[in-house]
Amino acid sequence: MSNDRRDLVAQIKNRALLYMEIYDVMCAEVGAARAESLLSEAIFQRGLSAGKALAKYAPDDLEGLKTGFLDSVPGGKDLYAPQVLRCERDHLEIQLQACPLKEAWREAGLAEDKIATLCRIAGAIDQGLFRGAGFKFENRTWTPGAKGCCYLSIKRGD
């Protein structure tokens, strides 16, 4: 592994641990449900801003969106191992097979249900990204027993 790649993985894993620490502090202050909601909203807002870079493909260039998104995935296609399941005129589906965030939470020894919660929170970035780009979006984040990571379903915007 190159130094650049090692540094990028370390930065992503650090972000995962930061999410975990913020979530834990917020849980103690406002409870788990409210903490998840607030942290998800902040991450969603960041995604909305980032989505502007992909807005040139809206509302219906899913092939362009696919290429633009995959070309912008941190670390290229290796870190998240995105698999395009479908790319049609009206529907794009991508399954991420790996995730350094999830790896970091596992390495930290978190319970599977807490990892699933943190995956939902982190997945808010994709909600914001694709909605901010002008597309309809559904994200099924990882749950215990599931293979891979996030499942991204993107449809033409309005």
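Reckoned from all heavy atoms, side chains included, excluding hydrogens, waters and symmetry mates. The model shown is predicted, which means the values in this text are computed figures rather than measured ones. This chain uses plain numbering: 1 for the first residue, then up along the sequence.
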Quiz item: Is Leu39 reachable from Leu48 through a run of hydrophobic residues whose side-chain heavy atoms are each under 4.5 Å from the next?
Solution: no
Can you see which heavy atom on [X] is nearest to which on [Y], and at what distance?
X: Ile12; Y: Pro100; answer: CG2-CB, 3.5 Å
X: Cys27; Y: Ala35; answer: N-CB, 3.7 Å
X: Ala98; Y: Cys149; answer: C-SG, 3.5 Å
X: Asn139; Y: Cys150; answer: OD1-CB, 3.6 Å
X: Met20; Y: Ala108; answer: SD-CB, 4.5 Å
X: Gly123; Y: Thr141; answer: CA-CG2, 4.1 Å

Quiz item: If only atom types and distance count, is the side chain of Ser2 paired as donor or acceptor with the main-chain N or O of Arg5 below 3.5 Å?
Solution: yes
Quiz item: Tell me the ring pair (Phe, Tyr, Trp, His ring centres under 6.0 Å) pairs involving residues 75-108, sequence neighbours left out?
Solution: none
Exercise. Keeping to residues at least two apart or across chains, list the ring pair (Phe, Tyr, Trp, His ring centres under 6.0 Å) pairs with something in residues 7-51.
Key: none
Side-chain heavy atoms of [X] within contact of [Y], under 4.5 Å:
X: Asn3; Y: Arg6; result: yes
X: Leu85; Y: Tyr151; result: yes
X: Gln95; Y: Lys147; result: no

All side-chain contact (heavy atoms from CB on, under 4.5 Å) counterparts of [X], not counting sequence neighbours:
X: Lys136; result: Lys155, Asp158
X: Ala42; result: none
X: Leu18; result: Ile22
X: Val84; result: Lys66, Leu70, Cys87, Leu92, Ile94

Approximate separation, where rounding is to 0.5 Å, of [X] [atom1] and [Y] [atom2]:
X: Ile125; Y: Ser40; atom1: CD1; atom2: OG; answer: 11.0 Å
X: Glu41; Y: Gln127; atom1: CD; atom2: CD; answer: 11.0 Å
X: Asp60; Y: Arg156; atom1: CG; atom2: CZ; answer: 4.5 Å
X: Glu107; Y: Leu17; atom1: CD; atom2: CG; answer: 8.5 Å

Just to verify, what does [X] make a salt bridge (Lys or Arg N to Asp or Glu O under 4.0 Å) with, not counting sequence neighbours?
X: Arg15; answer: none
X: Glu112; answer: Arg106
X: Arg46; answer: none
X: Asp7; answer: none

Return all side-chain donor-acceptor pairs below 3.5 angstrom for residues 114-122, not counting sequence neighbours, or 'none' if the list is empty.
unit_1: Lys114; atom_1: NZ; unit_2: Asp24; atom_2: OD1; d: 2.5
unit_1: Lys114; atom_1: NZ; unit_2: Asp24; atom_2: OD2; d: 3.2
unit_1: Thr117; atom_1: OG1; unit_2: Asp113; atom_2: O; d: 3.1
unit_1: Thr117; atom_1: OG1; unit_2: Arg120; atom_2: NH2; d: 3.1
unit_1: Arg120; atom_1: NE; unit_2: Glu36; atom_2: OE2; d: 2.8
unit_1: Arg120; atom_1: NH2; unit_2: Glu36; atom_2: OE1; d: 3.1
unit_1: Arg120; atom_1: NH2; unit_2: Glu36; atom_2: OE2; d: 3.4

Exercise. State whether the number of non-hydrogen atoms from other residues, nucleotides or ligands found under 6.0 Å of Glu29 atom CD is greater than 12.
Key: no
Practice problem: Give a yes or no on this: more than 12 heavy atoms of other residues, nucleotides or ligands lie within 6.0 Å of atom CZ of Arg89. | Solution: no
Practice problem: Report the residues that fulfil ring pair (Phe, Tyr, Trp, His ring centres under 6.0 Å) with Phe130, sequence neighbours left out, ordered by chain and then residue number. | Solution: Phe69, Phe137
Quiz prompt | Distance-only side-chain donor-acceptor flag, Gln83 / Gln97, under 3.5 Å | solution = yes
Exercise. Show your reasoning for whether side chain to side chain contact (heavy atoms under 4.5 Å, CB included) applies to Leu79 and Val73.
Key: CA-CA 8 Å; Leu79 293 186; Val73 172; 5.9 Å; no
Self-check item: side chain to side chain contact (heavy atoms under 4.5 Å, CB included) assessment of Leu96 paired with Trp142
Solution: CA-CA 10 Å; Leu96 303 181; Trp142 177 86; over 6 Å; no
Quiz prompt | CA sep, side-chain torsions, deciding dist, call: Arg140, Leu152, side chain to side chain contact (heavy atoms under 4.5 Å, CB included) | solution = CA-CA 7 Å; Arg140 290 195 307 263; Leu152 314 175; over 6 Å; no
Quiz item: Can you list the steps and then say if Arg34 with Met26 is a side chain to side chain contact (heavy atoms under 4.5 Å, CB included)?
Solution: CA-CA 8 Å; Arg34 187 75 175 130; Met26 289 178 72; over 6 Å; no
